S.K.: 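Before I ask anything, let me first share the structure, which is written out below as structure tokens.
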Protein chains: 2
Amino acid sequence: MDIKTLCLGLLSLNEACGYDLKKKFESLFKHFFAAGYGSIYPALADLAEAGLVDCREVPQNGRPARKVYSITESGRKHFQDALNSANPTHKLRSDFLVMMYFADQLDNDRLQLLLNSRVSAFGGVTAHIKNITDSWPSDSPAGARFVAGFGEAMAKAATQYIEENRHILKGHSQDQAKGQPRIRHTDLSQANHQPAATIEERV
Amino acid sequence: MDIKTLCLGLLSLNEACGYDLKKKFESLFKHFFAAGYGSIYPALADLAEAGLVDCREVPQNGRPARKVYSITESGRKHFQDALNSANPTHKLRSDFLVMMYFADQLDNDRLQLLLNSRVSAFGGVTAHIKNITDSWPSDSPAGARFVAGFGEAMAKAATQYIEENRHILKGHSQDQAKGQPRIRHTDLSQANHQPAATIEERV
DNA sequence: AAGAGCATGTAACCTGTTACATGATTAT
DNA sequence: ATAATCATGTAACAGGTTACATGCTCTT
């Protein structure tokens, strides 16, 4: 799902200007979808050009006019179609896990720092979600509560996993020689998939 | 962290050709980092050009020669630097959660299907991880075990969250009128941030 | 006085994805 | 026979990020 569609979705709930949408992205969707002005404004322009939204300009004193976008019937239909199309994705991209994979090439101070800041980042997610949900009325939409709860649950599980398993990771101590790996790795891909021509895969 | 760096990291453990790296991405990193041939081959070419890896061609019968890449000292240093640079990211991008946010615009059959296939996708992740880790020796690197365990923990937590909370989501039944939202949403962003010029934000 | 917030956007860039192109060998 | 595996890559495209450009008002 691209940002255009997501903007359209938000506009199916309330009319808004680009600035408003950015704030919604940063409150509601922060833990699973990112978007900056550089994507939102062009997206709104495209939506308007395609007739999926209408734009009404509200002049203001001393600021650029608010361009308030509201969804059209055509836009609503378009969004319904998007909701009914194929298998939605759910993708994690984590440099943190990459680094943890290479933990034994990290020195121990750095490793502990990375683990601590990841835990604290998850704490930030939890705090952020709590912060936004606290102001919600009790009849707030189920979908919103579900995705907020999902974020909390993930942050909690991740934190717990890290705290319970960080002890298995040991970076090397800083005073040892650098630049040389001291541990020979087992090849973790499937055993013996290498043609005979390839030599010296290690144990 | 870009794919180039990650390839370099894998090459810091074992020499490999592009095809091998792809397989490693798909076994070890599948749950948190994706990469296709279209990124890997150009990445390897760039690394070689930058002198961070050496390339040795191993001719084969009836196939293109294997281009086996091995890391250089310069490459190893470069990778260490990457591991020691700033705050690694950890980003989720989920169309699934987007759709759940808009659950009440989904019809109920579709909603249940989405939830079921997401649960089953997480089951697939768990199976995949179990599958690869089962073949690992008991002294396999701690980093590899940590990231595999992380993936399992997340899949488990996500599945549990979905099963325990799916009941709060109700799509509309299919025989009702389509294209019109029947529920007026409360604006979930901060209360009263709208300038007076903006009208008719709802309760 | 300084900084945050409101409000718009563009343009160049970076990065990765998808589809294409080729073709023998091995397992089912 | 058919499909999967091995093995290389390119080229066009899509999509999002970052930096830039502007400027008033309200809060601290």
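The structure presented is a predicted model; accordingly, all values stated were derived computationally and were not measured. Sequence lines set the chain letters: A, B, ... in the order given, protein chains first and strands last, and positions in each chain run from 1.
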S.K.: So which of residues 29-40 of chain B are in contact with DNA chain C, with a heavy-atom cut-off of under 4.0 Å?
M.R.: Gly38(B), Ser39(B)
S.K.: Can you tell me if the side-chain N/O atoms of Lys67(B) get under 4.0 Å from OP1 or OP2 in dG9(D)?
M.R.: yes
S.K.: With Asn116(B), which residues qualify under side-chain contact (heavy atoms from CB on, under 4.5 Å), at least two apart?
M.R.: Arg166(B)
S.K.: For Lys130(A), which residues count as a salt bridge (Lys or Arg N to Asp or Glu O under 4.0 Å) partner, sequence neighbours excluded?
M.R.: Asp134(A)
S.K.: How many Å lie between CD on Glu26(B) and C1' on dT5(D), as a whole number?
M.R.: 13 Å
S.K.: Ala45(B) near the nucleic acid: base, sugar-phosphate alone, or nothing, with a heavy-atom cut-off under 4.0 Å?
M.R.: nothing
S.K.: What's the CG-C1' distance between Asp2(A) and dT17(D), to the nearest Å?
M.R.: 16 Å
S.K.: Looking at residues at least two apart in the chain, or sitting in another chain, which of them share a ring-ring contact (aromatic ring centres under 6.0 Å, His included) with Phe32(A)?
M.R.: Phe29(A)
S.K.: Can you check the Ile3(B) CD1 to dT18(C) C1' distance for me, whole Å?
M.R.: 14 Å
S.K.: Quick check for you: among dC6(D), dG9(D), dT8(C), whose closest atom lies nearest to any side-chain atom of Tyr69(B)?
M.R.: dG9(D)
S.K.: Which residues pass the side-chain contact (heavy atoms from CB on, under 4.5 Å) test with His90(B), not counting sequence neighbours?
M.R.: Leu92(A), Ser94(A), Phe96(A), Leu97(A), Arg118(A), Phe122(A), Phe150(B)
S.K.: Measure OH/Tyr41(A) against P/dA11(C) and give the value in whole Å, please.
M.R.: 16 Å
S.K.: Round to a whole Å and report the spacing from CZ of Arg56(A) to C1' of dA7(C).
M.R.: 16 Å
S.K.: Please give, in whole Å, the distance from dC6(D) P to Lys22(B) NZ?
M.R.: 11 Å
S.K.: Rounded to the Å, how far apart are Lys4(B) NZ and dT15(C) P?
M.R.: 7 Å
S.K.: Restricting to side-chain contact (heavy atoms from CB on, under 4.5 Å), what partner residues turn up for Arg110(B), sequence neighbours left out?
M.R.: Asn84(A), Met99(B), Leu106(B), Asp107(B), Leu113(B), Leu114(B)
S.K.: Would you say dA7(C) has OP1 or OP2 under 4.0 Å from some side-chain N or O of Gln60(A)?
M.R.: yes
S.K.: Can you give me the N/O atom pairs linking the protein to nucleotides 22-28 of chain C at distances under 3.5 Å, or say none if there are none?
M.R.:
| residue | atom | partner | partner atom | Å |
| --- | --- | --- | --- | --- |
| dA24(C) | O4' | Gly62(B) | O | 3.1 |

S.K.: Using heavy atoms to find the nearest nucleotide of DNA chain D for Gly18(B) and Met1(A) separately, return the residue whose nucleotide is more 5′.
M.R.: Gly18(B)
S.K.: Run the salt bridge (Lys or Arg N to Asp or Glu O under 4.0 Å) test against Lys4(A) and tell me which residues pass, sequence neighbours left out.
M.R.: Asp46(A)
S.K.: Tell me which pairs pass ring pair (Phe, Tyr, Trp, His ring centres under 6.0 Å) where either residue lies in residues 65-84 of chain A, with sequence neighbours left out.
M.R.: Phe79(A)-Phe102(B)
S.K.: Identify, residue by residue, the members of residues 88-96 of chain B with a heavy atom below 4.0 Å from DNA chain C, and return them in order of residue number, or none.
M.R.: none
S.K.: Select one nucleotide: of dA7(C), dG16(D), dT8(D), the one nearest the side-chain heavy atoms of Cys17(B).
M.R.: dT8(D)
S.K.: Please report, rounded to the nearest Å, how far the C1' atom of dC24(D) is from the CZ atom of Arg66(A).
M.R.: 16 Å
S.K.: Distance from Arg66(A) atom CZ to Arg56(A) atom CZ, nearest 0.5 Å?
M.R.: 8.5 Å
S.K.: Evaluate whether atom CG of Asn61(B) has more than 12 neighbouring non-hydrogen atoms of other residues, nucleotides or ligands under 6.0 angstrom away.
M.R.: no
S.K.: Say you draw a straight line from CG of Leu111(B) to CD of Gln105(B); how long is it, rounded to the nearest 0.5 Å?
M.R.: 12.5 Å
S.K.: Quick one: side-chain contact (heavy atoms from CB on, under 4.5 Å) partners of Ala45(B), sequence neighbours excluded?
M.R.: none
S.K.: Applying salt bridge (Lys or Arg N to Asp or Glu O under 4.0 Å) as the test, list every pair that has at least one member in residues 25-38 of chain A; sequence neighbours left out.
M.R.: Lys22(A)-Glu26(A)
